[in-house]
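Here's the structure, in structure tokens; my notes come after.
These figures come from a predicted structure and were not determined experimentally. Numbers for residues simply follow the sequence, beginning at 1.
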Amino acid sequence: MSSDLQVFRSSILHFPVTTDSPDEGYAYFKDGYLVTRNDKIAAIGEYSALPEEYSALPITDYQGKLLLPGFIDSHLHFPQTEMIASYGEQLLQWLQNFTFPTETKFQNHDYAHAMAELFLTQLFCNGTTTAMVYSSVHKQATDALFSAATAHSMALIAGKVCMDRNCPEDLQDCPTSAQQDSAELIDKWHNKNRTKYALTPRFAPTSTEGQLAALGELAQQYDDVYIQTHLSENTHEIAWVKELYPQHQHYLDVYDHHHLVRKGSVFGHCIHLQQEEWDLLTQTEATIAFCPSSNLFLGSGLFNLDKARQSSVNVALATDVGAGTSFNMLRTLGDAYKICQLNHCKLSALSGLYMMTQGTAAALDLDHSIGNLNPGSHADFVVLDPKFSQLSEIRTDSLLSEGTVELPSDVLFALSMLADERTTEATYIAGKAVFKQPTRSN
């Protein structure tokens with residue numbers, strides 16, 4: 001048997017197909033096996049039915065743990081890693097006081113490379129294997145991020161932030177340079193190995209009509225690149241957009257006018273949308289990145305998940321580091337649950353897991369490769385330890401039996417409230433461990 005094969009034993013949970021009912025549309029193997037060959041998944045099932053061809057292989061034993069598809073974080077900021085948990089302010093003041101001064105540091109090549117490695121380490125130790133990332137305005141910082149991801153065979157979507165007004169002068173580009181730099185980055189990184197490019201105007205107030213038009217030309221030229229930006233996060237931001245773009249019907253119309261709204265467009269926040277904007281998101285099959293921790297931290301408002309469901313709009317979960325206060329997608333799910341509680345909306349643990357695995361992968365047309373544990377998909381997965389601390393052990397003890405997880409939805413919910421990086425037993429990308437929990441005592 002070839003040495004490129006690996007066999008893992010664990011309780012295993014995933015969504016094999018797209019579903020409107022995550023609480024029913026999952027596959028669960030209480031005592032399961034997962035076989036990987038090179039960088040792909042080769043087989044999955046109950047361990048009692050492990051095919052004979054794999055029976056002589058050594059087993060990586062994660063009994064008592066929960067193996068899931070690697071998490072997908074659909075909106076976060078690479079340059080804001082070091083400014084996470086910066087005190088106070090709402091969106092516009094927070095950008096001026098903390099974000100822009102920090103992002104200026106990324107003009108330094110060595111600094112950007114060092115921070116790219118640190119950033120990916122934070123993702124991996126929290127079980128995130130794919131992310132949709134905002135870089136800084138500096139082209140070389142985006143190169144540094146893609147280079148670091150490629151070294152780990154990581155599926156990464158990222159883009160150079162574009163801003164040509166309403167930001168510090170040393171962070172401004174212009175329509176011509178934004179278009180040229182973005183086009184060169186597309187040619188260098190888009191669909192190369194596992195990396196993909198996202199056109200990234202920060203948000204409408206920091207781009208002129210000319211810059212949005214230039215990026216819109218690229219969107220038409222490269223119809224499979226992604227697009228990411230912010231939309232209707234803060235009421236003061238919305239009022240500012242109306243002042244800057246009085247000729248447009250609403251905030252989303254600014255982007256739509258410049259060909260930036262389509263399937264593969266991901267809009268961060270979307271808390272204060274008009275009905276016409278909901279309708280346009282539905283028609284275009286665009287995606288909302290729900291950033292609950294960030295929305296709470298900046299006091300931006302409560303995202304209406306029920307409205308998104310009623311409108312059949314794709315919703316993906318996201319940390320939005322650094323306004324988001326953790327890289328941990330499970331804790332982010334916990335904050336999403338709390339927002340939904342305040343909105344008198346139900347959010348189950350399985351629905352939350354779907355929004356950071358298969359649901360997001362399908363919205364981005366990547367479910368052939370990530371978001372699930374189907375044979376043929378890349379072997380990107382995370383192993384969680386429900387007993388990572390004394391408190392979590394007490395909480396989940398009754399949910400585990402004889403080395404298996406009896407009630408995975410209950411374990412997931414508990415971890416959404418209690419998890420941190422200690423919860424991650426191991427993270428694998430393309431079949432290789434990129435993180436393993438150091439030996440520790442609780």
Side-chain angles (χ1 to χ4, degrees), residues 75-84 86-116 118-119 132-148 158-186 189 197-216 218 227-231 233-234 236-237 240-241 243-245 254-255 258 260 267-269 291 294 298 320-324:
H75 179 112
L76 75 167
H77 296 261
F78 151 53
Q80 295 178 21
T81 303
E82 68 181 83
M83 52 163 286
I84 193 170
S86 295
Y87 172 77
E89 308 296 350
Q90 292 205 342
L91 174 64
L92 300 181
Q93 297 77 21
W94 186 81
L95 288 171
Q96 293 292 337
N97 293 345
F98 300 112
T99 303
F100 293 150
T102 301
E103 294 192 1
T104 301
K105 298 179 182 180
F106 284 76
Q107 62 190 320
N108 181 289
H109 176 273
D110 292 341
Y111 188 83
H113 276 266
M115 289 304 297
L118 189 152
F119 174 75
M132 194 162 183
V133 184
Y134 291 63
S135 184
S136 69
V137 72
H138 312 100
K139 180 184 176 186
Q140 57 82 24
T142 310
D143 277 325
L145 180 60
F146 276 125
S147 294
K160 182 199 101 70
V161 163
C162 301
M163 302 188 289
D164 66 339
R165 66 170 170 177
N166 294 322
C167 64
E169 190 170 324
D170 56 357
L171 287 178
Q172 287 185 21
D173 51 16
C174 68
T176 301
S177 66
Q179 186 183 63
Q180 180 176 335
D181 286 351
S182 297
E184 290 175 359
L185 287 164
I186 290 169
W189 295 110
Y197 197 80
L199 295 169
T200 309
R202 180 177 222 109
F203 66 155
T206 51
S207 288
T208 59
E209 289 267 12
Q211 182 168 85
L212 292 179
L215 295 176
L218 287 180
I227 298 163
Q228 60 181 355
T229 189
H230 299 77
L231 175 65
E233 178 177 2
N234 174 287
H236 296 293
E237 165 208 9
W240 193 18
V241 171
E243 292 177 8
L244 294 170
Y245 292 95
V254 176
Y255 298 130
H258 295 102
L260 297 172
F267 295 97
H269 307 295
C291 309
S294 168
L298 292 177
D320 192 26
V321 165

Legend entry - His258 side chain to Glu209 side chain, donor-acceptor N/O pair below 3.5 angstrom: yes

Inset, instruction - Give, for atom CD of Gln80 and atom OG1 of Thr102, the distance between the pair rounded to the nearest 0.5 Å. - result: 8.0 Å

Legend entry - Side-chain (Asp320) to main-chain (Ala323) donor-acceptor, under 3.5 angstrom: no

Legend entry - Any side-chain heavy-atom pair of Gln211 and Thr208 under 4.5 Å: yes

Legend entry - Nearest-0.5 Å distance, CG of residue Leu171 to CG of residue Asn166: 12.5 Å

Inset, instruction - Might you point out which heavy atoms bring Leu215 and Pro201 nearest each other, and give the distance in Å? - result: CD1-CB, 3.8 Å

Inset, instruction - Please round to the nearest 0.5 Å and tell me the distance separating atom CD of Gln90 and atom NE2 of His236. - result: 6.0 Å

Legend entry - For the student: nearest non-hydrogen atoms of Ala144 and Ala116, plus distance: O-CB, 3.8 Å

Inset, instruction - Would you check if the side chain of His230 reaches a backbone N or O of Arg202 as a donor-acceptor pair within less than 3.5 Å? - result: yes

Legend entry - Leu231 backbone acceptor or donor facing Tyr255 side chain under 3.5 Å: no

Legend entry - Euclidean distance, Ser182 OG relative to Tyr197 OH, rounded to 0.5 Å: 4.0 Å

Inset, instruction - With the side chain counted from C-beta on, respond yes when Val241 and Val254 share a heavy-atom pair under 4.5 Å apart, and no when they do not. - result: yes

Inset, instruction - Check for a donor-acceptor pair, side chain of Gln228 on one end and backbone N or O of Val133 on the other, with a separation under 3.5 Å. - result: yes

Inset, instruction - To the nearest 0.5 angstrom, please state how far the CD atom of Glu103 sits from the NE2 atom of His138. - result: 8.5 Å

Inset, instruction - Verify, without hydrogens or angle tests, whether Gln96 (side chain) and Gln93 (backbone) share a donor-acceptor contact under 3.5 angstrom. - result: no

Inset, instruction - For the pair Glu233 and Leu298, evaluate side chain to side chain contact (heavy atoms under 4.5 Å, CB included) and give the outcome as yes or no after the intermediate values. - result: CA-CA 10 Å; Glu233 178 177 2; Leu298 292 177; 3.8 Å; yes

Inset, instruction - Using a 4.5 Å cut-off on heavy atoms from C-beta on, say whether the side chain of Met83 contacts that of Pro101. - result: no

Inset, instruction - Could you note down all residue pairs passing salt bridge (Lys or Arg N to Asp or Glu O under 4.0 Å) where residues 164-177 supplies at least one of them, sequence neighbours left out? - result: Lys160-Asp173

Inset, instruction - Write down the atom of Pro79, the atom of Ser136, and the distance for their closest heavy-atom approach. - result: CG-N, 3.5 Å

Inset, instruction - Could you label the plane-to-plane angle of the Tyr134 and His75 rings as parallel, tilted or perpendicular, counting under 30° as parallel and over 60° as perpendicular? - result: tilted

Inset, instruction - May I ask you to test the Trp94-Asn234 pair for a side-chain heavy-atom distance under 4.5 Å? - result: no

Inset, instruction - State whether the side chain of Thr200 and the backbone N or O of Ala198 hold a donor-acceptor pair below 3.5 Å, judged by distance alone. - result: yes

Inset, instruction - Find out whether Phe100 and Met163 are in side-chain contact, i.e. whether some heavy atom of one side chain is under 4.5 Å from a heavy atom of the other. - result: yes

Legend entry - Side chain proximity check, Ile186 to Leu199, heavy atoms < 4.5 angstrom: yes

Inset, instruction - Please name the residue in the list Phe119, Phe106, Trp189 that meets the side chain to side chain contact (heavy atoms under 4.5 Å, CB included) test with Leu145. - result: Phe119

Legend entry - Donor-acceptor pair, side chain of Gln172 and main chain of Cys167, under 3.5 angstrom: yes

Legend entry - Minimal non-hydrogen separation, Thr142 against Ser135, with atom names: OG1-OG, 3.1 Å

Legend entry - Lys139 and Ser177: CA distance, side-chain angles, deciding distance, side chain to side chain contact (heavy atoms under 4.5 Å, CB included) verdict: CA-CA 10 Å; Lys139 180 184 176 186; Ser177 66; over 6 Å; no

